[in-house]
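Since the model is a prediction, treat every value here as computed from it, not as a measurement. Protein chains get the first letters and strands the later ones, always in sequence-line order, with residue 1 at the start of each.
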Amino acid sequence: MKLDRLQPLSETAWTLTGAAGAAVKLFATRDLLEAMDEKVLEQIANVARLPGLVGAAMTMPDAHWGYGFPIGGVAAFDAEEGGVVSAGGVGFDISCGIRCLRTNLTLEALVPCLEPLADELFRSIPAGVGEEGSLKLSVAELDQVMRGGARWAVERGYGTPEDLDYVEEYGRVEGARPENVSELAKKRQRGEMGTLGSGNHYLEVQVVERIYDREAAQAYGLAEGQIVVSIHCGSRGLGHQIGTDYLVTLARAASRLGIDLPDRELACAPIKSPEGQQYLGAMNAAINCALANRQILTHLAREAFRRVVPGARLDTLFDVSHNTCKVERHRVNGGERRLHVHRKGATRAFGPGHPDLPPRYRAVGQPVIIGGSMGTGSYVLAGVRDNPAFSSASHGAGRAMSRRQALQRWSGRELIDELRGRGILIRTKSMRGAAEEAPGAYKDVDAVAEVTEAAQLARRVAFLKPKICIKG
DNA sequence: ATGTCC
């Protein structure tokens, strides 16, 4: 984007010039901004015009163009001031996120098993568009999933109660209303619990390559040379259908209530309106679905690991969502307010001492995971005090190029062969998907993590390098 | 992201 309409607040924070400029804030360096699509600025400036916005509409360093809201966007609204909720502010893949598991294995010990482990994980983890798993749920059971989240999955024997201590909201959000979810959405999801999906979703086996913060690494149970597993996926067909359904509902509500939408993709309704409440109930149901999905996948990954490496332990480090709208209390201008915080492609990043964190992590802050592009590497960070973005941070490398452009430029087969040469095993059913996910189509994850830290959104704890990637 | 256009 061109920087002529932007005013630097620091090397890593920018605002728009002009009267309404302060309602927009972009966290990025000059280099990241220059490489970012002009659309990101246009979109976040539109978000800043929505009713009831509190503070600024913000973008994280990994931001890119999305549906209505940019991906990497954060916006908080106050229900008492006519604040709105928007499906485009959450995204289609509701509660997409990353479950990170630490293991009792070292890379040194695992090296001889990498090929069979890659094959076993690929056999055990259903992946790809429309791929179904071994679970076939009735609509009544799916309602239980939507109410119970990861707790439902644990009760059904997928994983352990200890897992739940390290999942956002302890595995289940309040306010899920399965009755607000269409029959079509439920039907689409019946066979998709315990599946990875496609696109940028993955299951990676990674090695801790570098520790930045010893104290936090110790609290998180991470050490150099250790193997960890990261599972990136969301609410599959259910969340997507809810997004599709409620774009229509919310657009009608906006029209009925005379909300002036700068972009029709920003379809929204007041939080206090019937439509706003209906969407939030459905969205919370999808959040629980995603939490349950990652819990089942955790169980499948454990079983696959143990078939190849008897005695392997995979303990949940943390499970973070990065497509949500959540009710949180934040201090604004000296007073505490109850806000609806939209994070679309942005991670919640509570700092040290936050009461909602599990005791083990309370002193160092919430684990924040920046998932890298295929084959490049990921970061574990920790939340910091006085985060300037309603306790939010980056969620990934962020695309730098469209899927279409990536397809024209790369061949999936060649990419996979090249990565193999660098010691990274990719398993996928879709060569097209692999090309779309070419590392070169993403921003530099190292730069994103570095700028996330420089902007005081979170601090780096560990760098994870991939060894096996099961790609959706 | 997505039964990748009901």
Side-chain angles (χ1 to χ4, degrees), chain A residues 39 43 62-73 86-99 126-133 135-137 139 142 181-203 231-248 265 267 282-283 285-287 289-291 293-294 297 320-325 342-347 371 373-374 395-399 401-408 412 428-438 441-442 470-472:
Chain A
K39 269 277 188 185
Q43 290 192 320
D62 55 336
H64 57 107
W65 176 11
Y67 184 93
F69 282 58
I71 294 158
S86 169
V90 172
F92 280 82
D93 190 5
I94 298 167
S95 196
C96 183
I98 299 181
R99 167 77 69 110
V129 177
E131 186 72 18
E132 300 204 334
L135 265 174
K136 297 283 180 282
L137 300 182
V139 167
L142 209 51
V181 177
S182 68
E183 291 304 309
L184 178 58
K186 293 176 190 177
K187 186 179 157 207
R188 280 181 67 172
Q189 192 61 25
R190 285 183 57 187
E192 289 193 342
M193 292 308 299
T195 66
L196 198 58
S198 64
N200 64 3
H201 293 168
Y202 58 75
L203 181 149
I231 300 169
H232 177 209
C233 67
S235 53
R236 308 286 286 105
L238 184 101
H240 190 267
Q241 190 62 45
I242 290 171
T244 304
D245 292 340
Y246 277 92
L247 279 176
V248 178
E265 292 185 357
M283 182 208 66
I287 290 180
C289 169
L291 296 178
N293 194 28
R294 289 195 288 275
L297 288 166
V320 292
S321 293
H322 49 231
N323 282 358
T324 59
C325 175
H342 293 70
R343 295 190 183 91
K344 180 189 193 177
T347 303
S373 53
M374 185 172 67
H395 83 306
R399 289 200 81 88
M401 195 183 285
S402 71
R403 294 186 176 277
R404 176 194 288 267
Q405 284 173 301
L407 274 177
Q408 287 166 352
T428 183
K429 286 177 188 152
S430 169
M431 287 303 147
R432 179 195 163 122
E436 288 179 353
E437 290 294 316
Y442 279 81
I470 309 300
K471 197 73 185 154

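At the phosphate of B:dT2, OP1 or OP2 sits under 4.0 Å from a side-chain N or O atom of A:R236.
With respect to the salt-bridge test (charged N to carboxylate O, under 4.0 angstrom), the residues A:E436 and A:R404 do not qualify.
Between the P atom of B:dT4 and the CE atom of A:M431 lies a distance of 20 Å, rounded to the nearest Å. In this entry the distance linking NZ of A:K471 with P of B:dT4 reads 19 Å, nearest Å. Atom-to-atom, CZ of A:R404 to P of B:dT4 comes out at 17 Å; the value is rounded to the nearest Å. Rounded to a whole Å, the NE2 atom of A:H201 is 16 Å from the P atom of B:dT4. The CZ-C1' distance, from A:R403 to B:dT4, rounds to 9 Å in whole Å. The distance between atom CG of A:D93 and atom P of B:dT2, rounded to the nearest whole Å, is 6 Å. One atom, CD1 of A:I242, and another, P of B:dT2, lie 14 Å apart when rounded to the nearest Å. One atom, NZ of A:K429, and another, C1' of B:dT4, lie 16 Å apart when rounded to the nearest Å.
With DNA chain B read from its 5' end, the first of the two nearest nucleotides for A:V129 and A:H232 is the one closest to A:H232.
Taking the six-membered ring where the residue is Trp, the centroids of A:H322 and A:H232 are separated by under 6.0 Å.
Remark: A:K187 NZ is loosely packed, at most 12 non-hydrogen atoms of other residues, nucleotides or ligands lying under 6.0 Å away.
Counting any heavy atom pair closer than 4.0 Å across all strands shown, A:I71 reaches no nucleic acid atom. Residue-level contact check: A:G243 touches neither bases nor backbone, having no heavy atom under 4.0 Å from any strand. Using a 4.0 Å heavy-atom distance criterion, A:E192 is classed as a sugar-phosphate-only contact. Counting non-hydrogen atoms under 4.0 angstrom, A:T244 reaches nothing in the nucleic acid.
Under the rule for a side chain to side chain donor-acceptor pair (under 3.5 Å), A:E132 has no partner lying at least two apart in sequence or in another chain. Applying the ring pair (Phe, Tyr, Trp, His ring centres under 6.0 Å) rule to A:F92 yields the partners A:Y67, A:H240; only residues at least two apart in sequence or on another chain are considered.
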